[in-house]
Every structure is written in structure tokens, then in C-alpha cells.
2 protein chains.
Amino acid sequence: MSDITGEASAESRTYSISDLAREFDVTTRAIRFYEDKGMISPERRGQTRIYTPADRTKLKLILRGKRLGLTLDESRDIIEMYSPGESNAEQLLKLIRKIRERRDYLTQQMHDLEVMMVDLQESERRCLETLREVAPEAEAKLEPQD
Amino acid sequence: MSDITGEASAESRTYSISDLAREFDVTTRAIRFYEDKGMISPERRGQTRIYTPADRTKLKLILRGKRLGLTLDESRDIIEMYSPGESNAEQLLKLIRKIRERRDYLTQQMHDLEVMMVDLQESERRCLETLREVAPEAEAKLEPQD
DNA sequence: GTTTACCTTTACGTTAACGTAAACCTGGGT
DNA sequence: ACCCAGGTTTACGTTAACGTAAAGGTAAAC
């Protein structure tokens with residue numbers, strides 16, 4: 001992937017602010033806020049903002065970061081990691097170290113997630129067990145799953 | 001696992017507030033804050049708080065939640081899910097639905113994590129590539145990895 | 001021409017999760 | 001007796017990430 005600019009593709013669609021707001025289920029206020037923080041820089045036709053597919057991708061990355069509990073600053077950092085920018089060796093070394101740090105943290109998160117997943121699965125199992133003892137017919141009220 | 005009470009084991013160790021603060025690298029202020037929000041309820045010897053292994057476990061769960069980007073309220077919810085409490089069929093059904101909802105969200109998070117992991121791995125690879133072009137000797141300055 | 005549906009900026013309000021400071025108690029060591 | 005390293009409560013301060021008006025511009029629809 002990593003086509004963050006989207007310039008190579010023939011895709012030249014644009015989006016209004018509320019297009020994106022609808023698609024990702026956030027408010028326009030939030031999107032403008034991300035712009036204030038320098039994370040998205042849409043063009044303007046007169047006053048109104050015009051978003052390219054690249055802007056859309058950035059927004060998607062921001063929201064993915066949020067779902068993982070990142071702050072906006074952290075997400076901005078990560079997004080910058082995707083597009084090197086600096087070709088200086090010193091900068092590249094620093095960036096690689098940053099990326100590895102972040103990956104280590106993701107590994108820790110992954111582990112936390114797995115453990116919590118298993119724990120919840122266990123809890124669900126025990127709940128179902130109790131439910132069957134108490135009211136065997138009630139289980140039908142659940143979505144067909146598992 | 002799921003030994004949230006810890007009552008069955010012979011473990012009757014106790015911890016002071018700064019014991020836990022040191023172990024988990026949080027401030028005592030934070031721990032007291034979690035108590036204010038009703039998430040931990042240590043006993044008292046006089047004025048001072050005394051924490052049992054069960055309390056320690058709860059704190060651990062809270063911090064794991066934080067690492068995954070949960071709010072304290074969400075963590076409290078999940079911790080409550082671990083210990084049924086209500087044996088009423090209606091309550092159990094609600095709880096099971098809540099657990100499944102949460103697990104669905106975790107699944108989404110898991111996916112986000114995997115994608116971000118792959119993206120970062122890609123970025124790292126490209127960085128290394130550029131680094132080798134620009135300054136082939138500089139790579140030695142990185143930790144031995146990969 | 002005026003309502004409707006968008007868009008804009010500016011600015012104050014809000015919530016969560018603590019940080020930080022002040023002022024105090026308390027048991028053990030010298 | 002006194003200090004010191006722990007503990008305590010109370011309370012105000014802070015930051016992030018928006019929410020929520022207020023007040024207005026613009027273009028198409030009726």
C-alpha cells in the first residue's frame with residue numbers, strides 16, 4: 001500500500017467535509033480540529049475545503065490511531081513515519097529507532113489484546129453455563145453465534 | 001485464570017500504596033484516583049490503605065485497559081464482566097451481549113493493530129533501504145535486530 | 001426573493017484523568 | 001525530643017479532544 005499521496009492513480013475524486021464526516025461517522029468539527037493541529041491540509045475553493053483521496057487516507061489513519069488509543073500527536077508522528085521526507089542519514093537512523101519503538105509498543109498491545117480476548121471468552125463461557133442452569137430456554141434470545 | 005478474589009490461595013501478602021506504585025510505575029495519586037472512582041477498595045489499618053493480591057490484580061486490569069485505550073469507565077465495566085454477580089437470567093443475557101459487543105470491538109482493534117504493524121514494517125524496510133543507499137556504514141549504529 | 005442546505009470563522013464550555021501543592025498525622029530510629 | 005520517610009485529606013490546576021453556540025457567507029431550489 002503506502003500510497004499516501006495518491007498522486008500516481010487516476011483517482012482525482014474530491015470530497016466535501018461532510019462527505020468525509022458521514023463516511024467515517026465523525027463531526028465536521030472534529031475534522032476541522034485535525035486541520036488546526038496540522039494533520040490534514042485540504043485545498044480551498046474560495047472558502048470551502050476540498051479533500052483529496054490522500055486527505056481521506058490521512059483521516060482514516062487518524063481514526064485508526066484513535067481506535068488503538070493513540071493521542072493525535074502520536075498519530076501525527078506515525079503518519080509522518082510513513083513518508084520519510086528527510087534523506088539525511090542521521091534523521092533516518094532516528095526515524096528507524098522511533099519506528100521500532102512504536103512496533104515494540106504495538107507488540108505489547110497485541111499481547112494485552114489477546115489476553116483480554118481470552119479472559120472475556122472465559123467469562124462468556126461461564127455466563128452461558130450459569131444461564132443454562134438457571135433458565136435453559138433463555139439462550140435462544142441470543143444472536144446465533146459460536 | 002480468573003482468580004480475581006484470590007481468596008482460595010494461601011497468598012495473604014499485602015501491599016502498601018507505594019509498593020504498587022513502584023511495581024506498576026504509576027503515582028500514588030493515580031491509585032487513589034481509581035479508588036475514588038470505585039474501582040479498587042482496599043482495607044484500612046487506621047488511616048493507611050492495605051492492598052490484597054486481589055486489589056493488585058484489579059489495578060493490573062485497569063492498566064491493561066489503559067494500554068488498549070479504554071477509559072476508566074470502560075475498564076470498570078469489563079472488570080465487572082469478569083465476576084458475574086447477578087444470577088438473574090435477564091441480567092445474564094444482557095451481560096453476555098455486552099461481552100460479545102466488547103469482543104467484537106477487540107476484534108476490530110486486533111485488525112487495526114495488524115494493519116498498522118505491517119505498515120510500520122514496510123516503512124522501516126524502506127527506511128533501511130534508503131539508508132543503505134545514502135550511508136551504508138550507518139546501519140551498524142542500530143541495535144542488532146531482524 | 002427567500003427559504004434551504006451547505007459551508008465558514010471565532011470563541012467559550014466540557015469531560016477525563018490525573019498533577020501539584022498545602023497542611024497534616026505517625027511510627028521508628030538516633 | 002526530634003527528625004524523617006512513609007502515609008493521609010482537601011482542593012485547585014492542567015491538558016487533550018472535541019462540543020456547542022453564535023453569527024455569518026453562498027449557491028441552488030422553489
Side-chain angles (χ1 to χ4, degrees), chain A residues 13-52 55-56 58-80 102 105 109 112 116, chain B residues 13-52 55-56 58-80 102 105 109 112 116:
Chain A
R13 244 206 89 175
T14 64
Y15 309 84
S16 78
I17 193 168
S18 49
D19 283 347
L20 294 184
R22 249 188 308 278
E23 176 173 2
F24 294 111
D25 194 35
V26 295
T27 65
T28 60
R29 174 68 178 93
I31 298 181
R32 291 197 195 94
F33 181 74
Y34 302 146
E35 182 177 346
D36 274 8
K37 296 217 84 186
M39 309 181 72
I40 314 182
S41 309
E43 284 153 28
R44 303 280 183 132
R45 173 152 51 216
Q47 284 258 84
T48 75
R49 280 162 249 252
I50 304 213
Y51 296 86
T52 68
D55 294 325
R56 199 189 85 116
K58 282 190 186 174
L59 180 56
K60 195 150 67 170
L61 292 180
I62 293 172
L63 298 177
R64 190 172 76 195
K66 290 209 66 184
R67 286 197 300 273
L68 292 175
L70 303 187
T71 67
L72 293 182
D73 284 354
E74 289 170 327
S75 279
R76 186 167 30 63
D77 266 34
I78 291 188
I79 293 176
E80 277 168 14
R102 183 54 68 177
Y105 189 75
Q109 258 193 106
D112 285 337
M116 185 174 282
Chain B
R13 243 205 89 176
T14 63
Y15 309 84
S16 77
I17 194 167
S18 48
D19 283 346
L20 294 183
R22 251 187 307 277
E23 177 173 2
F24 295 110
D25 193 36
V26 294
T27 65
T28 60
R29 174 68 177 92
I31 298 181
R32 290 196 197 95
F33 181 74
Y34 302 145
E35 182 177 345
D36 275 9
K37 296 217 83 183
M39 309 180 72
I40 314 181
S41 309
E43 284 153 28
R44 303 281 184 129
R45 175 153 51 215
Q47 285 258 86
T48 75
R49 279 162 249 252
I50 304 212
Y51 295 87
T52 69
D55 294 325
R56 200 190 83 118
K58 282 189 186 173
L59 180 56
K60 195 150 64 171
L61 292 179
I62 293 172
L63 298 178
R64 190 172 75 197
K66 290 210 67 183
R67 285 196 302 272
L68 292 175
L70 303 187
T71 68
L72 293 182
D73 284 354
E74 289 171 326
S75 279
R76 186 167 31 63
D77 265 33
I78 291 188
I79 293 176
E80 277 168 14
R102 184 53 69 177
Y105 189 77
Q109 261 193 102
D112 286 337
M116 185 174 283

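This structure is a prediction, so every number in the text was calculated from the model and none was measured. Side chains are part of it too, since the values below use all heavy atoms of this structure and drop only hydrogens, waters and symmetry mates. Proteins get letters first, then strands, A, B, ... in listed order; numbering begins at 1 in each.
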What distance do [X] atom [atom1] and [Y] atom [atom2] have between them, rounded to the nearest 0.5 Å?
{"X": "B/T52", "Y": "B/R13", "atom1": "OG1", "atom2": "CZ", "answer": "11.5 Å"}
{"X": "A/I31", "Y": "A/Y15", "atom1": "CD1", "atom2": "OH", "answer": "12.5 Å"}
{"X": "A/Y51", "Y": "A/L59", "atom1": "OH", "atom2": "CG", "answer": "8.5 Å"}
{"X": "A/I62", "Y": "A/I78", "atom1": "CD1", "atom2": "CD1", "answer": "11.5 Å"}
{"X": "A/L68", "Y": "B/L68", "atom1": "CG", "atom2": "CG", "answer": "9.0 Å"}

Can you give me the N/O atom pairs linking the protein to nucleotides 3-6 of chain C at distances under 3.5 Å, or say none if there are none?
none

Which residues pass the salt bridge (Lys or Arg N to Asp or Glu O under 4.0 Å) test with B/R45, not counting sequence neighbours?
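Here no residue qualifies.
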
Check salt bridge (Lys or Arg N to Asp or Glu O under 4.0 Å) between B/E74 and all other residues, then give those that pass, not counting sequence neighbours.
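With sequence neighbours excluded, B/E74 shows a salt bridge (Lys or Arg N to Asp or Glu O under 4.0 Å) to B/R102, given in chain and number order.
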
Looking at residues 40-47 of chain A, who's got a heavy atom less than 4.0 Å off DNA chain C?
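Residues of residues 40-47 of chain A that come under 4.0 Å of DNA chain C are, in numerical order, A/R44, A/Q47.
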
Side chain to side chain contact (heavy atoms under 4.5 Å, CB included) between A/L63 and A/Y34: does it pass, once the steps are laid out?
CA-CA 11 Å; A/L63 298 177; A/Y34 302 146; 4.2 Å; yes

Which is the 5'-most and which the 3'-most nucleotide of DNA chain D that has an atom under 4.0 Å from a heavy atom of chain B?
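Contact span on the strand: D/dG6 to D/dA11.
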
Would you please test B/R44 and B/R49 for side chain to side chain contact (heavy atoms under 4.5 Å, CB included) and show each step?
CA-CA 5 Å; B/R44 303 281 184 129; B/R49 279 162 249 252; 3.2 Å; yes

Only counting residues at least two apart or in another chain, list the ones meeting side-chain hydrogen bond (donor to acceptor under 3.5 Å, both in side chains) with B/D73.
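B/D73 satisfies side-chain hydrogen bond (donor to acceptor under 3.5 Å, both in side chains) with B/K37, B/R76 once adjacent residues are dropped.
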
For B/S18, side-chain hydrogen bond (donor to acceptor under 3.5 Å, both in side chains) partners two or more places apart:
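Result, side-chain hydrogen bond (donor to acceptor under 3.5 Å, both in side chains) vs B/S18: B/S16.
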
Looking at every heavy atom in both [X] and [Y], which two are closest together, and how far apart are they?
{"X": "A/D55", "Y": "A/P42", "answer": "OD2-CA, 3.7 Å"}
{"X": "A/M116", "Y": "B/L70", "answer": "CE-CD1, 4.2 Å"}
{"X": "A/Y105", "Y": "B/R67", "answer": "OH-O, 3.7 Å"}

Between the two ends of the helix from C/dG1-D/dC30 to C/dT30-D/dA1, what is the bend in degrees, rounded to 10 degrees, where each end axis spans five pairs?
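That helix gives 10° between its end axes.
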
Counting only non-hydrogen atoms, which of residues 29-38 of chain A are less than 4.0 Å from DNA chain D?
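DNA chain D contact set from residues 29-38 of chain A: A/R29, A/A30, A/F33, A/Y34, A/K37.
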
Pair listing, salt bridge (Lys or Arg N to Asp or Glu O under 4.0 Å) test, anchored in residues 23-33 of chain A, at least two apart:
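Non-adjacent pairs meeting salt bridge (Lys or Arg N to Asp or Glu O under 4.0 Å): A/E23-A/R56.
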
